[in-house]
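Structure first, commentary second.
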Amino acid sequence: MSTLAVLRRVVYLALISTILLVDAVDKNNFKTCEQSSFCRRCRSMQPASSPFIVIEDSVQISNHDIRATLQNKENNVQFFLMLTSLKDNTLHLFVNEMSPMKKRFQVPFVLASELEFNNNIKFHSKNPSNISMTIGEHHAVTLTYNPFVLNVYQDDQVVISVNSKGLMKFEHLRTKTDQEEDGAWEESFHSHQEQTANFAKIKLTFLLLGLMKFEHLRTKTDQEEDGAWEESFHSHQDSKPYGPTAVALDFSFPDVDHVYGVPEHADSFALRSTDGGQPYRLLLLSSVIDVYLTLGPSPYDVIRQYSTLTGTAPLPPYFALAYHQCRWNYNTEGDVLDVSAKFDVYDMPMDVMWLDIEYTDQKKYFTWDPTKFPTPTSMVSNLTSLGRKLVVIIDPHIKRDNGYFLHDDATEKGYYVKNKDGNDFEGRFLCVHLFKAIAVLARSRPPSPVEAPSLSQHSLDASSYQGEEEEATEQVYVVPDEVFAGLVKPENVRPDDNTFIKNLFLMLQVMATFEGLLKRSNYQQRPFILTRSGFAGSQRFGAIWTGDNMAEWSHLKISLPMCLSLAVSGWSFCGADVGGFFKNPDAELFTRWYQTGAFLPFFRGHAHIDTRRREPWLYGDATTSLVRDAFRGSLCSTLPYWYTLFHTQEISGAPVIRPLWYEFPSRKKPSAMENQYLIGDSILVRPVTDPGATQVSVYFPRADEVWFDRDTYEAFTQTGSVTIAVSLSKIPTYQRGGTIIPLRERVRRASSLTLQDPVTLIVALNVNGTARGNLYLDDGQSYDYRKGNYVAVQFKYENGVLSSKFTSKARYPTESWLERVVILGVPHNTFSKALVSSPSIGQAVAEVNYNSGTKALTVRKPEVNLGEEWTISIEVILGVPHNTFSKALVSSPSIGQAVTEVNYNSGTKALTVRKPEVNLGEEWTISIE
């Protein structure tokens, strides 16, 4: 299954496929194209030689789909084709064998809900070579018969062309024939080997029955190609009992410069051309053509359409967006509590302590080492009393140990993966089994999402952690580390399973863990799960990190395109191991990685067991101070903004971190840019990812934009690349003019302690002097927000008035109040005071201060509650050339007539009328004498 989306000048290719994100890999462990029979066969195909045709009389058109029969002219095998129009400008192309020998596998669990048809297909025209249909007002499709080609049009322009190069391949299921029999083309005896290269030998075969067989000269066909029925790689052998089953299809995108998606390994954000090199091999589980064409037209539309299909990421718990401290391994309870305490000593916020696998009793998961962690309940309670959480890592393999409750349970209930002999599969490391979290896919039918996660549901019950009290266990979050699923090789499992043992297995482990955590809290608390692998739809269950990286500058740099690729694939909750998992970073790399990590959605320091300890205070005072600034200024203060973005993502699918082309699709240069990105639509980040850097180039898109340095408030109105000086204490970040960002500036040891803290609004004016922004508030941990217990407001600044209005009917009784408003881009000081109005305080006056150096106006302590609607009107009198006034005469029905004071500022040429005190619900006049 794959998703293709056309943008104005770029193509987003989100293949629902294997995601291998570990950058520190041995390439010898992966086949080249030349070593893979499937890849060789597909790459050997010649353009314009497609054997597939549409049988003209088979075409049927309804108001929501088009159906036809395809036929392979070379072997007369027929295929069923269906093109369906779906809601939200999306097409579904499906091709399968008409009469397969056995049911071909189709990927389950990927789609978030049932597909909704769009009844907008109409017949348009027909001629001897093709048939055309319109789809809605702006799209049309043409189906060409011989060879099969499908063109999709948008406003009379081809935007997607299917099989226009004739590279479609669909190998049907079959059994071996004589010419495909082992040894027909090559055979060996002891050390001698006989080969026939490209031509078969003439062979007279005398059979026991006295019959004669004469095999004619011929060239190899695809199904006779080496490796078509079985192939080996290193010590592994893969048998294919139903023959070669390659499925391939070419897509062309006219007038497109770049393609984006999730590559097999870490690579550039805009995928490179593979001509003359190794292709991107994305191992699809589906053995049919199952393609969704998302037609946009804008990047906003494309990613929303993809998210509609595969689901949006749920709102994570608030603490999950804060800083996580991890290491393989913290050795004892005392070690854990000492590290936690030192974060307070060095005044560094930290929300989550992690334990890698050494906390267990002899690698038996859901247990504690009785010597190193004798009182885990006390340890967990100590952390939670400080507002912190504990996460434990679980590898997805089970130790074979009779008497170990998890092993006994899995054995009794048949949860283990089976080998080809039907026995429990045993891996090569630690004498373990991979538990069949949902590898019951080997059954004749896929399990339902309800029955599938049963093992993890049981294992994540509070009683499963031996020695833990239920209340304490509720505070322990479980992370399955799925990398070991790679131990399951096709040659080790039942032949019918080898299609399934890929990343869908890993997605199902995360699904099982998610369901288990939900059940543990009686479906009240939002789970937090981290995975390094997954499948399309995995974003519905957890966060992802980029795998075991190294303490090298190149690995810091590549983390940006890796997370951007995932973000535009629906999975924004992404981060990299800060500092690098392997090796030991120097102070500069350590600092730059923390500065970068603070601006990615998932922020965790992690290190290998053989590295030196590297808690943030161990690099000396200077580095400690810089890292502290990254924690406090870059991350913690912006958490309300991050949280609001994650809520928006759940509703609309809009990525939390975004390439520049997402917001500025008409600009050509950002299309391949991967060293800077946007957080939401408001913050531009340009991390420093090179050693010794004293300056970097920052690209500012579009001439009608203004960007404000978030540290100095300096305004940048230039367009294009600008050289910016950087020191070790700074990475360039900018707030976009026209936006309002909420901050919490009070520093706490953990984010859970800030949920009722006051908020500061940074209002960055655009060239029109206006700005807008949003804020979302809830309890930060439960699903009550889905019952309407939250506050979502929109802020708007226009004509000197800042207002807050509800964007939904939901309400939440928050104690958060507005502490400060900073308005950027105010050219002159023409303001005297701010009039505040809200239901709870009525009307009040707030002080305003102006900084002529930064051009920033600050409203101090308006003190309105953020759970209410309110307005702040900033009073101004402009353009009074001379002071010729002495007083003001005020007249209204309630006060009659009164005199009030006037003050004149000769520097700003502003006249202020002080306290006229008329009621704004009446008509009144003020006459200045």
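Computed from a prediction, not measured in an experiment: that's the story for all the values here.
Within the structure, side-chain hydrogen bond (donor to acceptor under 3.5 Å, both in side chains) contacts touching residues 785-801 (residues at least two apart or in different chains) are E650-Y785, E650-R786, Y790-S808.
Residues Q735 and I741 form a side-chain contact, since some pair of their non-hydrogen atoms from C-beta on lies under 4.5 Å apart. When side chains are defined from C-beta on, L660 counts as touching L684, because their heavy atoms get closer than 4.5 Å. Side-chain contact check for S634 versus F599: some heavy-atom pair is nearer than 4.5 Å. At least one side-chain heavy atom of E515 sits under 4.5 Å from a side-chain heavy atom of Y523.
Under the 3.5 Å distance criterion, the side-chain polar atoms of E745 are left unmatched by any main-chain donor or acceptor of T760. A donor-acceptor contact shorter than 3.5 Å is absent between the side chain of Q649 and the backbone of T312. A donor-acceptor pair is defined here as one N or O able to donate and one able to accept, closer than 3.5 Å; no such pair exists between the side chain of N768 and the backbone of T770. Side-chain atoms of H647 never come within 3.5 Å of backbone atoms of Y643 as a donor-acceptor pair (strictly under, hydrogens ignored). Remark: the backbone N or O of L635 is not paired with any side-chain donor or acceptor of Y323 at under 3.5 angstrom. Between the R744 side chain and the S637 main chain, no donor and acceptor come within less than 3.5 Å of each other. With R604 contributing its side chain and G597 its backbone, the two residues share no donor-acceptor pair below 3.5 Å. A donor-acceptor contact shorter than 3.5 Å is absent between the side chain of Q524 and the backbone of S782. Q509 places no side-chain N or O within donor-acceptor distance of the main-chain N or O of M507, the cut-off being under 3.5 Å. A donor-acceptor distance shorter than 3.5 angstrom exists from the side chain of R388 to the backbone of S340, with no hydrogens or angles considered.
Closest heavy-atom contact between F708 and L765: CE1-O, 3.4 Å. Here the closest heavy-atom approach between residue Q525 and residue Y783 is recorded as O-CE1, 3.4 Å. Between T814 and G867 the shortest heavy-atom distance is CG2-N, 3.6 Å. Shortest non-hydrogen contact noted between E868 and S840 is OE1-OG, 2.8 Å. In terms of heavy-atom proximity, S838 sits nearest to W870 at CB-CB, 3.7 Å.
Here CE of M511 is found 12.5 Å from OG1 of T531. Values are rounded to the nearest 0.5 Å. Atom CD1 of I657 is separated from atom CD1 of I683 by 12.5 Å, given to the nearest 0.5 angstrom. Between the OG1 atom of T638 and the CZ atom of R710 there is a distance of 6.5 Å, given to the nearest 0.5 Å. Here the CG-OG1 distance, from L835 to T871, works out to 7.0 Å after rounding to the nearest 0.5 Å. Distance check: L321 CG to W642 CH2 gives 8.5 Å after rounding to the nearest 0.5 Å. Rounding to the nearest 0.5 Å gives a distance of 7.5 Å between OG of S837 and CG of L920.
The ring of F573 has its center closer than 6.0 angstrom to the ring center of F646.
Remark: the N774 side chain and the Y776 side chain contain no N/O donor-acceptor pair separated by less than 3.5 Å. Using modelled atom types and a 3.5 Å distance limit, the side chains of Y812 and D784 yield no donor-acceptor pair.
Put simply, the residue from D351, T754, D757 that forms a side-chain hydrogen bond (donor to acceptor under 3.5 Å, both in side chains) with R748 is D757.
Taking a 6.0 Å sphere around CD of E137, one finds it holds 12 or fewer heavy atoms contributed by other residues, nucleotides or ligands.
By the 30° and 60° cut-offs, the orientation of the rings of W354 relative to F528 is perpendicular. Using cut-offs of 30° and 60° for the angle between ring planes, the Y662 and Y300 rings count as tilted. The aromatic rings of F541 and F514 sit perpendicular, their planes meeting at an angle over 60°, well past the 30° parallel limit.
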